[in-house]
Amino acid sequence: MSRKTDEIKKSIARLEEIQIKFCEAVSSEGEVSLLCEQMKSELQNLKLWISMLYKYNGTSKSNAKVAASRENGKKGGRPPKFVTDLKKQKNELEALLSDLHTQQISASIEDEENLNSQAEKANQELETVNKKLSEFKNEK
(Lines give C-alpha, C1' and ligand atoms only; values in the text may rest on other atoms or scores of the structure.)
Protein backbone atom coordinates (compact mmCIF):
# COMPACT_ATOMS: atom_id res chain seq x y z
CA MET A 1 0.00 0.00 0.00
CA SER A 2 1.02 3.54 -0.54
CA ARG A 3 2.00 5.88 2.24
CA LYS A 4 -1.12 7.96 1.64
CA THR A 5 -3.34 4.92 2.06
CA ASP A 6 -1.56 3.98 5.28
CA GLU A 7 -2.01 7.50 6.64
CA ILE A 8 -5.71 7.51 5.74
CA LYS A 9 -6.21 4.18 7.49
CA LYS A 10 -4.31 5.38 10.57
CA SER A 11 -6.43 8.52 10.65
CA ILE A 12 -9.63 6.49 10.47
CA ALA A 13 -8.38 4.22 13.26
CA ARG A 14 -7.61 7.25 15.45
CA LEU A 15 -11.08 8.68 14.74
CA GLU A 16 -12.63 5.36 15.76
CA GLU A 17 -10.65 5.33 19.01
CA ILE A 18 -11.73 8.89 19.78
CA GLN A 19 -15.33 8.04 18.98
CA ILE A 20 -15.28 5.01 21.31
CA LYS A 21 -13.68 6.96 24.16
CA PHE A 22 -16.08 9.86 23.68
CA CYS A 23 -19.11 7.59 23.67
CA GLU A 24 -17.93 5.78 26.80
CA ALA A 25 -17.28 9.05 28.59
CA VAL A 26 -20.68 10.56 27.90
CA SER A 27 -22.97 7.58 27.46
CA SER A 28 -25.47 8.88 30.00
CA GLU A 29 -26.72 11.87 28.00
CA GLY A 30 -29.24 11.22 25.21
CA GLU A 31 -28.21 13.92 22.72
CA VAL A 32 -24.52 13.07 23.00
CA SER A 33 -25.41 9.42 22.49
CA LEU A 34 -27.12 10.37 19.22
CA LEU A 35 -23.99 12.27 18.15
CA CYS A 36 -21.92 9.16 18.87
CA GLU A 37 -24.11 7.08 16.59
CA GLN A 38 -23.89 9.71 13.85
CA MET A 39 -20.09 9.80 14.21
CA LYS A 40 -19.95 6.03 13.95
CA SER A 41 -22.12 6.11 10.82
CA GLU A 42 -19.98 8.79 9.20
CA LEU A 43 -16.80 6.82 9.89
CA GLN A 44 -18.33 3.81 8.17
CA ASN A 45 -19.31 5.99 5.21
CA LEU A 46 -15.78 7.38 5.04
CA LYS A 47 -14.31 3.87 4.93
CA LEU A 48 -16.74 2.88 2.19
CA TRP A 49 -16.00 5.94 0.05
CA ILE A 50 -12.24 5.51 0.40
CA SER A 51 -12.40 1.86 -0.62
CA MET A 52 -14.60 2.75 -3.59
CA LEU A 53 -12.21 5.53 -4.60
CA TYR A 54 -9.21 3.18 -4.63
CA LYS A 55 -11.18 0.55 -6.52
CA TYR A 56 -12.22 3.12 -9.12
CA ASN A 57 -8.69 4.49 -9.51
CA GLY A 58 -7.33 0.99 -9.97
CA THR A 59 -9.73 0.20 -12.80
CA SER A 60 -9.43 3.49 -14.66
CA LYS A 61 -7.96 3.47 -18.16
CA SER A 62 -5.95 6.46 -19.27
CA ASN A 63 -4.33 6.85 -22.66
CA ALA A 64 -0.93 6.46 -21.01
CA LYS A 65 -1.96 3.17 -19.36
CA VAL A 66 -3.31 1.84 -22.65
CA ALA A 67 -0.11 2.80 -24.51
CA ALA A 68 2.11 1.27 -21.82
CA SER A 69 0.06 -1.92 -21.88
CA ARG A 70 0.44 -2.20 -25.65
CA GLU A 71 4.21 -1.66 -25.42
CA ASN A 72 4.53 -4.31 -22.73
CA GLY A 73 2.46 -6.68 -24.84
CA LYS A 74 4.86 -6.23 -27.77
CA LYS A 75 7.70 -7.25 -25.48
CA GLY A 76 5.87 -10.38 -24.39
CA GLY A 77 4.11 -8.99 -21.33
CA ARG A 78 5.28 -9.09 -17.75
CA PRO A 79 8.24 -11.43 -17.25
CA PRO A 80 7.94 -14.31 -14.78
CA LYS A 81 8.95 -13.56 -11.20
CA PHE A 82 12.06 -15.73 -11.37
CA VAL A 83 13.35 -13.71 -14.33
CA THR A 84 12.81 -10.48 -12.41
CA ASP A 85 14.59 -12.01 -9.41
CA LEU A 86 17.49 -13.13 -11.62
CA LYS A 87 17.85 -9.64 -13.09
CA LYS A 88 17.84 -8.15 -9.60
CA GLN A 89 20.48 -10.65 -8.47
CA LYS A 90 22.56 -9.83 -11.56
CA ASN A 91 22.46 -6.11 -10.77
CA GLU A 92 23.44 -6.77 -7.14
CA LEU A 93 26.36 -8.98 -8.20
CA GLU A 94 27.59 -6.40 -10.70
CA ALA A 95 27.46 -3.72 -8.01
CA LEU A 96 29.33 -6.03 -5.60
CA LEU A 97 32.03 -6.73 -8.18
CA SER A 98 32.44 -3.03 -8.87
CA ASP A 99 32.75 -2.39 -5.15
CA LEU A 100 35.28 -5.21 -4.73
CA HIS A 101 37.43 -3.88 -7.57
CA THR A 102 37.41 -0.44 -5.95
CA GLN A 103 38.48 -1.97 -2.64
CA GLN A 104 41.26 -4.00 -4.30
CA ILE A 105 42.95 -0.83 -5.51
CA SER A 106 43.53 0.47 -1.99
CA ALA A 107 43.82 -2.89 -0.17
CA SER A 108 46.85 -4.41 1.46
CA ILE A 109 48.31 -7.69 0.17
CA GLU A 110 46.48 -9.82 2.78
CA ASP A 111 43.17 -8.10 2.10
CA GLU A 112 43.68 -8.35 -1.65
CA GLU A 113 43.68 -12.17 -1.54
CA ASN A 114 40.41 -12.17 0.38
CA LEU A 115 38.89 -9.64 -2.03
CA ASN A 116 40.07 -11.72 -5.00
CA SER A 117 38.35 -14.83 -3.65
CA GLN A 118 35.15 -12.86 -3.04
CA ALA A 119 35.32 -11.44 -6.56
CA GLU A 120 35.87 -14.91 -8.00
CA LYS A 121 32.78 -16.27 -6.20
CA ALA A 122 30.71 -13.30 -7.35
CA ASN A 123 31.91 -13.81 -10.95
CA GLN A 124 30.89 -17.48 -10.81
CA GLU A 125 27.45 -16.56 -9.48
CA LEU A 126 27.11 -13.89 -12.15
CA GLU A 127 27.96 -16.41 -14.88
CA THR A 128 25.32 -18.79 -13.50
CA VAL A 129 22.70 -16.03 -13.45
CA ASN A 130 23.60 -14.93 -17.00
CA LYS A 131 23.38 -18.54 -18.17
CA LYS A 132 19.91 -18.96 -16.65
CA LEU A 133 18.73 -15.70 -18.23
CA SER A 134 20.04 -16.70 -21.66
CA GLU A 135 18.37 -20.12 -21.35
CA PHE A 136 15.07 -18.42 -20.62
CA LYS A 137 15.48 -16.13 -23.64
CA ASN A 138 16.31 -19.10 -25.87
CA GLU A 139 13.19 -20.94 -24.69
CA LYS A 140 11.00 -18.10 -25.95
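Throughout, residue positions are numbered sequentially from 1 according to the sequence presented. What you see is a predicted model, and the numbers here were worked out from it, not measured in a lab.
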Within the structure provided, determine whether Asp85 and Gln89 are in side-chain contact (heavy-atom separation under 4.5 Å).
no

Rounding to 0.5 Å, atoms CG (Asn130) and CD (Glu125) come to a distance of 12.0 Å

Could you tell me whether a side-chain N or O of Asp99 sits under 3.5 Å from a main-chain N or O of Ala95, the two making a donor and an acceptor?
no

Residues passing the salt bridge (charged side-chain N to carboxylate O under 4.0 Å, His left out) test with Lys74, sequence neighbours excluded, are Glu71

Residues pairing under ring pair (Phe, Tyr, Trp, His ring centres under 6.0 Å) where one sits in residues 78-98, two or more places apart or in two chains, turn out to be Phe82-Phe136

Residues passing the side chain to side chain donor-acceptor pair (under 3.5 Å) test with Glu17, sequence neighbours excluded, are none

Are the charged groups of Glu16 and Lys47 less than 4.0 angstrom apart, N to O? yes

Please indicate whether Glu92 has more than 12 foreign heavy atoms, meaning atoms of other residues, nucleotides or ligands, lying under 6.0 Å from its CD.
-> yes

Heavy atoms of Leu43 and Ile12 approach each other most closely as CD2-O, 4.4 Å

What one should report as the nearest heavy-atom pair of Leu93 and Leu126 is CD1-N, 3.6 Å

- Message: Counting C-beta onward and ignoring hydrogens, is there a side-chain heavy-atom pair between Glu120 and Ser117 closer than 4.5 Å?
- Response: no

Separation between NZ (Lys87) and CG (Asn91), nearest 0.5 Å, reads 9.5 Å

Here the pair of heavy atoms bringing Ala122 nearest to Leu96 is CB-CD2, 4.0 Å

